[in-house]
Amino acid sequence: MTEAIRIEELTKIYGMGVQQVLALDKVSLTVNRGEFVAIIGASGSGKSTFMNVVGCLDRATSGEYFLEGINIKDKTDDELSHIRNRYVGFVLQSSNLVSRTSAFRNIELPMIYSKIPKAEREERTRKILIEVGLSDRGHHMPNELSGGQKQRVAIARAMANDPSLLLADEPTGNLDSKTSLEIMDIFTRLNKEKGATILLVTHERSIAECADRIITFHDGKIAGDERTKGKGGNS
């Protein structure tokens with residue numbers, strides 16, 4: 001299978017001198033295209049730092065990181081910004097929608113930044129709204145949407161540029177259990193039907209089991225890497 005990400009001996013140290021904190025300790029990992037991977041671990045285990053490095057929001061102190069075959073190590077800030085916009089989609093615990101514009105326009109924004117022609121981005125937005133079950137909510141403002149609907153818009157926005165990698169950081173953290181399962185069903189469909197590569201951080205084991213694979217972080221290291229039999233599982 002083709003690798004989406006390959007990480008070798010990745011280390012991240014914060015601070016200097018005696019105040020140093022080892023957030024990631026020689027982490028090595030490969031994720032193939034089309035995999036759905038959940039990342040779990042206690043607070044301070046390194047999982048959020050790992051996601052920031054994978055999302056090109058932070059730089060490793062040492063080690064190698066390849067995204068779609070691109071060595072991220074020595075890229076400039078401008079190059080990292082381009083890579084994020086082209087290859088990575090983000091879904092956060094808070095949907096982070098632009099409050100003064102509609103759901104439709106929120107989804108369009110990444111495509112506007114990518115200079116996609118208006119007709120194409122409007123057609124793509126309509127299609128994505130259908131995929132996340134919001135075909136009748138495109139004209140609504142964020143304050144007119146429920147928490148689950150906002151998160152659906154956030155997922156749609158993350159997928160707008162058809163990224164190679166979808167990163168979701170506690171995407172169900174603010175939702176009730178029923179809505180959480182509905183959101184996880186969307187991630188599962190995106191993975192199975194569209195072949196999206198997904199890395200999802202969660203502290204809930206039941207959410208993690210929707211993925212194909214669960215990676216456990218502890219003290220900046222990978223403490224476990226297992227296949228699941230959940231909704232997303234292949235085994």
| task | Taking the side chain as every heavy atom from C-beta outward, state whether L199 and L165 have any atom pair closer than 4.5 Å. | result | yes

| Are side-chain heavy atoms of E170 and T202 found at a separation under 4.5 Å? | yes

| message | Could you measure the distance from the OG1 atom of T125 to the CD atom of E108? Nearest 0.5 Å is fine. | response | 4.5 Å

| Is there side-chain contact between S62 and E9, with at least one heavy-atom pair below 4.5 Å? | no

| Test log, rule side chain to side chain contact (heavy atoms under 4.5 Å, CB included), inputs E68 and I83 | CA-CA 10 Å; E68 293 293 341; I83 288 168; over 6 Å; no

| query | Are the side chains of L145 and L134 in touch, meaning some heavy atoms are under 4.5 Å apart? | reply | no

| field | Linked, directly or transitively: L80 and Y87 (ILVMFWY side chains, under 4.5 Å) | value | yes

| remark: Here the gap from F36 atom CZ to T188 atom OG1, rounded to the nearest 0.5 Å, amounts to 5.0 Å

| request: Evaluate the side-chain proximity of L24 to T11: yes if any heavy-atom separation is below 4.5 Å, no if none is. | output: no

| With no hydrogens and no angle check, is any side-chain donor or acceptor of R121 less than 3.5 Å from a backbone partner on I116? | yes

| remark: Heavy-atom nearest pair, A60 first then K12, reads CA-CD, 4.2 Å

| said: Using only atom types and a distance under 3.5 Å, with no angle test, would you say the side chain of K47 pairs donor to acceptor with the backbone of G41? | reply: yes

| field | Spacing of CG belonging to N174 relative to CD belonging to Q151, to within rounding of 0.5 Å | value | 7.5 Å

| task | Using modelled atom types only, decide if a donor and an acceptor are shared between the side chain of T197 and the backbone of G34 within a distance under 3.5 Å. | result | yes

| said: With a 3.5 Å distance limit and no angle check, can you tell me whether N161 reaches the backbone of P110 through a side-chain donor-acceptor pair? | reply: yes

| field | Minimum-distance pair of heavy atoms, taken over all atoms of Q93 and G173 | value | NE2-C, 3.9 Å

| task | For V132 and R152, work out which heavy atoms get closest and say how close. | result | O-NH1, 2.7 Å

| query | Between N191 and A196, is there a donor-acceptor pair closer than 3.5 Å when you use the side chain of the first and the backbone of the second? | reply | yes

| field | Linked, directly or transitively: I214 and V31 (ILVMFWY side chains, under 4.5 Å) | value | no

| field | Side-chain donor/acceptor of N32 to backbone N/O of E35, under 3.5 Å | value | no

| field | Derivation and outcome, salt bridge (Lys or Arg N to Asp or Glu O under 4.0 Å), residues R205 and E209 | value | CA-CA 6 Å; R205 180 75 190 191; E209 287 176 349; 3.2 Å; yes

| Min side-chain heavy-atom separation F104-R126 under 4.5 Å | yes

| request: Count the heavy atoms belonging to other residues, nucleotides or ligands that lie under 6.0 Å from OH of Y113, then report whether that count exceeds 12. | output: no

| Which pair of non-hydrogen atoms, one from A154 and one from V91, has the smallest distance, and what is that distance? | O-CG2, 4.0 Å

| query | Rounded to the nearest 0.5 Å, how far apart are CG of L22 and NZ of K221? | reply | 8.0 Å

| Between T228 and A211, is there a donor-acceptor pair closer than 3.5 Å when you use the side chain of the first and the backbone of the second? | yes

| task | Provide the closest heavy-atom pair for I207 versus S180 in the form atom of the first, atom of the second, distance. | result | CD1-CB, 4.1 Å

| query | Would V201 and L166 show up in the same hydrophobic cluster when neighbours are defined by side-chain heavy atoms closer than 4.5 Å? | reply | no

| query | Could you give the distance from OG1 (T30) to CD1 (I5), rounded to the nearest 0.5 Å? | reply | 8.0 Å

| message | Between R105 and V98, does the side chain to side chain contact (heavy atoms under 4.5 Å, CB included) criterion hold? Intermediate values first, please. | response | CA-CA 9 Å; R105 193 70 171 171; V98 179; over 6 Å; no

| field | Donor-acceptor under 3.5 Å (Y65 side chain, V54 main chain) | value | yes

| request: Verify side chain to side chain contact (heavy atoms under 4.5 Å, CB included) between V37 and L29, making sure each step is shown before the conclusion. | output: CA-CA 11 Å; V37 180; L29 174 69; over 6 Å; no

| ring-ring contact (aromatic ring centres under 6.0 Å, His included) partners of residues 174-220, not counting sequence neighbours, each pair once | F50-F217

| message | Test your reading of the model: is there a side-chain donor-acceptor pair from E120 to the backbone of P117, 3.5 Å cut-off? | response | no

| query | Taking all non-hydrogen atoms of both residues, which atom of I107 and which atom of A160 are closest, and how far apart? | reply | O-CB, 3.5 Å

| message | When you group the ILVMFWY residues by side-chain heavy-atom contacts below 4.5 Å and let the links chain together, are L67 and L200 in the same group? | response | no

| Under-4.0 Å salt bridge between R124 and E131 | no

| said: Return the OG to CG distance between S99 and N106, rounded to the nearest 0.5 Å. | reply: 8.5 Å

| said: Looking at R6 and E64, is any side-chain nitrogen of the basic one under 4.0 Å from a carboxylate oxygen of the acidic one? | reply: no

| Salt bridge E182-K178, side-chain N to carboxylate O under 4.0 Å | yes

| message | Between the side chains of D77 and R59, is the shortest nitrogen-to-carboxylate-oxygen separation below 4.0 Å, so that they form an ion pair? | response | yes

| N85 versus S114, side-chain donor and acceptor atoms under 3.5 Å | yes

| query | Does anything in residues 78-98 pair up under salt bridge (Lys or Arg N to Asp or Glu O under 4.0 Å), and if so which pairs, sequence neighbours excluded? | reply | none

| field | Pair F90-L57, side chain to side chain contact (heavy atoms under 4.5 Å, CB included): steps then yes or no | value | CA-CA 11 Å; F90 296 92; L57 296 170; 3.8 Å; yes

| query | Would you say I7 and V53 make side-chain contact, with heavy atoms under 4.5 Å? | reply | no

| request: Kindly say whether V153 contributes a backbone atom to a donor-acceptor pair with the side chain of R137 at under 3.5 angstrom? | output: no

| field | Same apolar cluster: F66 and L10, side chain cutoff 4.5 Å | value | no

